[in-house]
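Reviewing the structure listed below.
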Number of protein chains: 2
Amino acid sequence: MPTVDDRRSEPAPPGDTDLDARKAAILTAVVTEYIGSAQPVGSQHVVEAAGVSVSSATVRSDMAALERDGYLMQPHTSAGRIPTDKGYRFFVDHLGGTGSLDPGGRQQVRQFFDHAHGEIEQMLERTSGLLADLTDCTAMVVGPSHESAAVRSVQLVGLGHRLALVVVVLADGAVRKQTVELPEDADEAVLSEAGGRLAAHALGSTLAEVGNVVTPSGHPKVDAATAAGVAALHDLVEADGGDQLFVGGSSRMAVAFDAVDTVRSVLTILEQQLVVVSLLRDILDTGLTVAIGTEHGIEPLASCAIVVMPVSVGGVEAGTIGLLGPTRMNYPLALAAARVVGDRLGEHLGEASR
Amino acid sequence: MPTVDDRRSEPAPPGDTDLDARKAAILTAVVTEYIGSAQPVGSQHVVEAAGVSVSSATVRSDMAALERDGYLMQPHTSAGRIPTDKGYRFFVDHLGGTGSLDPGGRQQVRQFFDHAHGEIEQMLERTSGLLADLTDCTAMVVGPSHESAAVRSVQLVGLGHRLALVVVVLADGAVRKQTVELPEDADEAVLSEAGGRLAAHALGSTLAEVGNVVTPSGHPKVDAATAAGVAALHDLVEADGGDQLFVGGSSRMAVAFDAVDTVRSVLTILEQQLVVVSLLRDILDTGLTVAIGTEHGIEPLASCAIVVMPVSVGGVEAGTIGLLGPTRMNYPLALAAARVVGDRLGEHLGEASR
DNA sequence: TCTGGCACTCCACTCTAGTGAGTGCTGGCC
DNA sequence: GGCCAGCACTCACTAGAGTGGAGTGCCAGA
């Protein structure tokens, strides 16, 4: 291998493997085998797997080398090898290929989006179920952020005695609402007038941009209602609490792990919307598509891997898809499913908001 | 005990126990002990527990009788006793007392509702978290059913090229939306006119009552948009798919059970909104507050108990609270928490919708 | 450089007591 | 008749010994 020295001198050339073809094949075999069986893989199994045509002794020495280099580990002496996080990482980066959905899965995705219609939230919720079904992972779908969407309509609807509802429609079709307690009773006419002034005030800007000051109308009741409406708009910005998260197939975590406390800690994480959303964001920000084991820095998820896929509509990011599974998850399948569903979701959202 | 004979002659008088005081005390001790430790309870432990001052031999013979009568069972010979579903049932009906929240819990509930405001959905979601925290059970909160709420406002908001959003506000403050594809392009004026006609058509009736036929305006574009809006209103009734469900603290199931496949099957059930909602409804319909073990007929939940509490606003049912835990859940605590939170939630919803 | 062979390791499983918590029963006492 | 001390018995659980087998590392030879 005369090229090894050349390679080592280069600073991590892109696409380079650092492993000769046979070691790569062996690593591939160990990873795929282990993903399937969850059992440590011995040299004999590797030989039986396709792609390697040397004796088990040779495989053994290569596996020893792979272990020295940190790609594999042994649970104990005289057991087979299992991939380390580094091993999975190498597999994902260089060996896994793009993978593709099986025809059945493609069909399922196509049908899903052909029949998808109606409310976006419901659709995202179902998308998470679809992804979970396709991959046997827990799926997370983060809806489009409405931060930059302009206000398309504001309405003030009376609900009875001193109570009203501010209903805001954003340009991307999102609807926000907030109850307002009015300082004094107001009739339809007042509410309608105040709603109109509110609309004139907020239309075209984003929720966060809505200013505080509204020019007085001369009518105190209307002004009071308008002021209450403006306050409600500001409440909306805060209460919104970031993006919506839809989690599907959390029961899959209980299938993937047999230690019940692993399941518990993972579920605990999944219950914290904020944590999950920022986790996905962090992973994307570091430029990753897959975060394996400790790469994401959340300790209770050390035995998990996360596949992240941005959903973009016309080049603008409009959401995120995440798949959570054990580190021995089926990466090619998960990546393929995330990509396909992400693309289709993007198209779908694009159609809906054009 | 001179009264015992009197009682026995009456046909199942309400509040009657069917068990003499000592057996009841023993059953109570077994249930509370088992709830705490999850270990089969032996006669010695019962003696040490308060309320029983006879020898362990006597307790043993009583326990044998309780087992004969189906209140207790032995996992195997020479093990202690654990309560059967019937034992739990008797405990809940006659022995558990009403129970009450500890001061810390009361405080937590008070604070929660003092600070609760804003969107109702978000509030219900958080309520499920509160209940899970209080009881260490998985909490389910079903939102108010909007079926009987009259339409308070209808609006047609254009989202661009042939797309519009029908936004419906119901009298109870719920907001529904549905995207509509218009048969042809429509400008603001047309949408506004169509929205007005839609509103006049639907205002005051419930969504389900909205009729099909709208009197023509003479303007084909307006009529087309109006028709599309009416269709969207009908879609809403179907797509709504019943009530909203909020599940909190599903990780608690992984704490309660040590068999990972029990956890999995319970989580699988919890993912099916429809199943959960109708489950709670069924239990309420049979007049129960607690469904223990197989009483609810859902096989995978045979080792679970469910506490249900209707939430009523001014006497009208406006939602449901459910607590899901193992059959050895802390019934007094769960019942107390469900009652307190249910009441406060009802008051809160009442204030908001008055 | 690869391979067959060999000695070695150590988990997983089975089998065998031994232990202890718990029971049912019985005969005597109040 | 109800209660209780004592006793024999049951059976899950644990620890320890033995065994089989999957797997390893190393080495000598092609």
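Since we're looking at a predicted model, the values are computed, not measured. Computation of the quantities below employed the complete heavy-atom set of this structure, encompassing side-chain atoms and omitting hydrogens, waters and symmetry-equivalent molecules.
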If the condition is side chain to side chain contact (heavy atoms under 4.5 Å, CB included), which residues does A:T294 pass it with, not counting sequence neighbours? A:D85, A:A302
Under a criterion of less than 4.0 angstrom to any heavy atom of chain B, what are the 5'-terminal and 3'-terminal contacting nucleotides of DNA chain D? D:dC3 to D:dA12
Could you tell me how the ring of A:F90 sits relative to the ring of A:Y71: parallel (under 30°), tilted (30 to 60°) or perpendicular (over 60°)? perpendicular
Within residues 27-38 of chain A, which residues have any heavy atom lying less than 4.0 Å from an atom of DNA chain C? none
Please tabulate, for the side chains in residues 333-341 of chain A, all donor-acceptor contacts under 3.5 angstrom to protein atoms that are two or more places apart in sequence or on a different chain.
none

Side chains of residues 75-83 of chain B: which donor-acceptor partners sit under 3.5 Å, not counting sequence neighbours?
from, atom 1, to, atom 2, distance (Å)
B:R81, NE, B:E67, OE1, 2.7
B:R81, NH2, B:E67, OE1, 2.9

Nearest 0.5 Å please: distance from the CD atom of B:E33 over to the CZ atom of B:R328. 13.0 Å
Which residues share a salt bridge (Lys or Arg N to Asp or Glu O under 4.0 Å) with A:E295, sequence neighbours left out: A:R89
Going by the rule side chain to side chain contact (heavy atoms under 4.5 Å, CB included), which residues pair with B:D136 if we only count those two or more places apart in sequence or in a different chain? B:R252
Numerically ordered, the residues 76-84 of chain B set in heavy-atom contact under 4.0 Å with DNA chain C is B:S78, B:A79, B:G80, B:R81
Using residues 52-60 of chain A as the side-chain source, report each donor-acceptor pair under 3.5 Å to any protein atom, sequence neighbours left out, with the distance given to one decimal.
from, atom 1, to, atom 2, distance (Å)
A:S55, OG, A:A57, N, 3.3
A:S55, OG, A:T58, N, 3.4
A:S55, OG, A:T58, OG1, 3.2
A:S56, OG, A:R60, NH1, 3.4
A:R60, NH1, A:S43, OG, 3.4

Sequence-distant partners of A:A65, side chain to side chain contact (heavy atoms under 4.5 Å, CB included), two or more places apart: A:K23, A:R68
From CE of B:M73 across to P of C:dT23 the rounded distance in Å is 14 Å
Validation row: B:V266, B:L324 side chains within 4.5 angstrom (heavy atoms): yes
Check: B:G70 main-chain N/O paired with B:T84 side-chain donor or acceptor under 3.5 Å: yes
Applying side chain to side chain contact (heavy atoms under 4.5 Å, CB included), name anything that partners B:A256, two or more places apart in sequence or on another chain. B:P326
Between P of C:dC11 and CD of A:Q39, the distance in whole Å: 15 Å
Using a 4.0 Å heavy-atom cut-off across all strands, classify B:Q74 as base, sugar-phosphate, or nothing. sugar-phosphate
Quick check: on DNA chain D, is the nucleotide nearest A:A57 upstream (toward 5') of the one nearest B:S56, or the reverse? Name the residue that is more 5'. B:S56
For residues 58-66 of chain B, which residues have at least one heavy atom under 4.0 Å from DNA chain D? B:T58, B:R60
Please give me the minimum heavy-atom distance between A:A139 and A:S128, naming the atom from each residue. CB-O, 3.3 Å
How would you label the contact of B:S43 with the nucleic acid (heavy atoms, under 4.0 Å): base, sugar-phosphate, or nothing? sugar-phosphate
